[in-house]
Each structure stands twice: as C-alpha cells, then as structure tokens.
2 protein chains.
Amino acid sequence: MSRTPSLTLALTDISGRAETCEPGGAAAALDRTEAEKFASRLRVIADPTRLRLISLVSAQANREACVCDLTEPLGLTQGTVSHHLKILVEAGIFTREQRGTWAYFGLVPGALPALGAEVQAL
Amino acid sequence: MSRTPSLTLALTDISGRAETCEPGGAAAALDRTEAEKFASRLRVIADPTRLRLISLVSAQANREACVCDLTEPLGLTQGTVSHHLKILVEAGIFTREQRGTWAYFGLVPGALPALGAEVQAL
DNA sequence: ACTATACATTGATGCTCATCAATATGAAAT
DNA sequence: ATTTCATATTGATGAGCATCAATGTATAGT
C-alpha cells in the first residue's frame, strides 16, 4: 500500500477487480489468484449451516444473537457453531461483541449485498 | 406439481422461499433442506476454476466458447474442464449447444443475476 | 476458593470433491 | 474402413473441511 488512500474508490473497489469497464459489464477474465480469492469468499456462504446462521440472526429481534441461542435450533454441537461463527466473523459478514460471559453476533451492514452484487457483476 | 401453473409466480418464486414478506426483507429462518439446496447452488460458483470459466465465456466475443478454447487458458486437463462445464450446465448457469464435433457453451441470461439477488436477500 | 456457565480450541474422523491419466464415444475427413 | 479431432466418462488419488468429543479459558455468582 504505497499509494495515498483515495476517497473515490469505494464503489469501484468493492470487487477488487481492475478498473477497466467494458460495455455490457464484462470485465477481463479473472486470473488464478483473483478467482481463488473470490471463490474463498463465496465458500463462506456456500455452506448450509452458515446460511442458517445468517438467517437465524437476521430473524432475531435485535438482529443479534449469542451462541447459546443458536446451538439448539441448528441441532449441532456448541463447538461446531462456534467454529462457523468464527469463519463468518473473519469473512467480515458477522460482527462479534463480547458482553460479560456472552458473545453477541450480528450482521455487518452491507456485507451480503456487496457479495451478491459481485455475483451479479460476473 | 399438482397445482395449475400460475403466470404470476415469476418474481416471488425465484428464491424458492415462502411467500411471507416481513418488513425489512427478513424472511423466516431457513430450514435444513432449504439451506442445503441454496448452499449446493452457491457451491457451484464457489470454485476458482468455474469462476474463471464464467469470466472466460463472458469475455469471449460471441459470448460462447468450446472446450478447446477454454482448456489452454486454464492450464487444466481437457477432462477436468469438461467436468466443470457439465456442473455449470446442470446448475442452469451455462447452455450447451452441439455443433458438429464441437460443443459450444454460453451463459444462461439472468442466471447469475438471480443468484446474486438471492444472496442480497439474505 | 469453588462451582457453574458461556465460549473457544484441539485432535480425530469421515465425507466431498477437484484433479489427473486413461479410456470411451462420436463425428468428420480421407 | 481408418484415421483424426473434440468431447465425455471412469477410476484413483489427495486435499479441504464439517462435525464431534474432549479439553481449555474466562467470567460471574456463592
């Protein structure tokens, strides 16, 4: 990161793609590393348990939930749920806030819409 | 499918979700089978090789390509490329048209935008 | 200090799947 | 018919990963 940060890169930099803009929305073909990065981000939500976690938190009243709220409706071990939550947090999809003994997880605003937009831009 | 097909299910039936429409876009939590189906569709594009196939075909002049055009830029075996193309066709993302000895693959219009919209609707 | 609760981590296990080499299918040309 | 080219399929192999049981860590309450 040797360049001075710009204030105008927000919308065009979401995908991490080059700034070329062919008509019709088609950019140049993805190289190996670009494809691997995008695929690994998609793999985060390409899992039934994590999809259910996302929809469970969304359906929650406060838009947040702790592990103990999530382990029972999923029918999975507490350790497994904790594992998936960690993946979602590291992917920037979930936030994690510790309050006393509890850890509350919530959706990062705009994360999933951004991912969906990248799929549509393919 | 015992019901008479309706002409008005188009937009609401894309996701295969129930027709409940809570304010804020949050639907009820996905059950196990719904989540598995959605995840398996996402797994199709959560692969670097298939992402590159999609972008390669998109970048093609005629928006279509045969296997021999794709196997070299990917640096993979012909059998492997054929394998991924089959998965993309079965997922409804690619079309396949046989012309003589060649098989031409192209994008199904609207397939990826629909998938991206479902991600955004999470 | 001790106990109980909430969450994280570790190690092991089994399944899914991407990839290759090899072979099969099928169509076109000579 | 035979050869050649394009694609599909099969079987094997190895890597990634979801899951569990067990254990570790930290916080709150008694």
Side-chain angles (χ1 to χ4, degrees), chain A residues 30 32-54 56-57 60 62 64-91 93-106, chain B residues 30 32-33 35-57 60 62 64-91 93-106:
Chain A
L30 284 71
R32 190 137 29 194
T33 31
E34 282 173 341
E36 301 239 358
K37 285 182 185 177
F38 194 6
S40 62
R41 293 175 59 207
L42 287 172
R43 243 180 289 126
V44 172
I45 62 169
D47 176 90
T49 299
R50 290 193 282 271
L51 285 175
R52 295 189 74 194
L53 278 171
I54 291 171
L56 275 173
V57 170
Q60 216 76 7
N62 323 331
E64 63 178 12
C66 53
V67 181
C68 56
D69 291 333
L70 300 167
T71 183
E72 183 233 308
L74 289 180
L76 294 175
T77 306
Q78 172 266 321
T80 301
V81 174
S82 193
H83 163 69
H84 286 295
L85 287 169
K86 180 179 184 177
I87 291 176
L88 286 165
V89 170
E90 284 175 341
I93 295 174
F94 270 10
T95 60
R96 193 202 120 109
E97 186 190 353
Q98 186 101 23
R99 288 209 285 271
T101 317
W102 290 267
Y104 285 85
F105 296 86
Chain B
L30 283 71
R32 190 135 33 192
T33 30
E36 301 239 355
K37 285 182 185 177
F38 194 7
S40 61
R41 293 175 57 208
L42 287 172
R43 244 180 288 126
V44 172
I45 62 169
D47 176 271
T49 299
R50 289 193 284 271
L51 285 175
R52 296 189 73 194
L53 278 172
I54 290 171
S55 79
L56 275 172
V57 170
Q60 216 76 7
N62 323 330
E64 63 178 12
C66 54
V67 181
C68 54
D69 291 334
L70 300 167
T71 184
E72 183 232 308
L74 289 180
L76 293 176
T77 306
Q78 173 266 322
T80 301
V81 174
S82 192
H83 163 69
H84 287 295
L85 287 169
K86 181 180 182 176
I87 291 176
L88 286 165
V89 170
E90 284 173 344
I93 294 175
F94 270 10
T95 59
R96 193 201 120 112
E97 188 191 351
Q98 186 101 24
R99 288 208 285 271
T101 317
W102 288 268
Y104 285 85
F105 297 86

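To find a chain, count down the sequence lines: A is the first, B the second, and so on, and within it residues start at 1. Just so you know, these numbers come straight off a predicted model, no measurement behind them.
For the atom pair CG of A:L53 and OG1 of A:T71, the computed distance is 9.5 Å after rounding to the nearest 0.5 Å. For the atom pair CD of B:E90 and CD1 of B:I93, the computed distance is 11.5 Å after rounding to the nearest 0.5 Å. Within the model, atoms CG of B:D69 and OH of B:Y104 stand 7.0 Å from one another, a figure rounded to the nearest 0.5 Å. Distance CZ/B:R96 to CG/B:L88: 13.5 Å, rounded to 0.5 Å. The NE2 atom of A:H84 lies 4.5 Å from the OG1 atom of A:T49; values are rounded to the nearest 0.5 Å.
Using a 4.5 Å heavy-atom threshold, the side chains of B:V67 and B:F105 count as touching. Side chains of A:I87 and A:D47 form no contact here, defined as non-hydrogen atoms less than 4.5 Å apart. At least one side-chain heavy atom of A:L42 sits under 4.5 Å from a side-chain heavy atom of B:L51. With a 4.5 Å cut-off on side-chain heavy atoms, B:F94 and B:I54 count as touching.
Across all strands shown, B:R50 has heavy atoms under 4.0 Å from sugar-phosphate atoms exclusively, and none from any base.
Whole-Å rounding puts the B:E72 CD to D:dT7 P distance at 14 Å. Atom CH2 in B:W102 sits about 14 Å away from atom P in D:dA8, given to the nearest Å. Atom-to-atom, CG of A:L76 to C1' of C:dA8 comes out at 16 Å; the value is rounded to the nearest Å. The interatomic distance linking B:D69 (CG) with D:dA6 (C1') rounds to 11 Å, in whole Å. As rounded to whole Å, 11 Å separates atom P of C:dG26 from atom CD of B:Q98. In this structure, B:L42 atom CG and D:dC17 atom C1' are separated by 17 Å, rounded to whole Å. To the nearest angstrom, C1' of C:dT5 lies 17 Å from CZ of A:R99. Separating the CD atom of B:E97 from the P atom of D:dA8 is a distance of 14 Å, rounded to the nearest angstrom.
At a non-hydrogen distance threshold of 4.0 Å, A:Q78, A:G79, A:S82, A:K86 from residues 77-90 of chain A come into contact with DNA chain C.
For B:T101, whose side chain is taken as the heavy atoms from C-beta onward, the closest listed nucleotide among D:dA8, D:dC5, C:dC7 is D:dC5. In the set C:dA8, D:dA6, D:dA8, C:dA8 carries the atom at the smallest distance from any side-chain atom of A:R96.
Residue B:R43 places none of its side-chain N or O atoms closer than 4.0 Å to OP1 or OP2 of C:dT16. Distances shown here put a side-chain N or O of A:T49 below 4.0 Å from the OP1 or OP2 atom of D:dT19.
For the helix from C:dA1-D:dT30 to C:dT30-D:dA1, the angle separating the two terminal helix axes comes to 10°, with each axis derived from five pairs and the value rounded to 10°.
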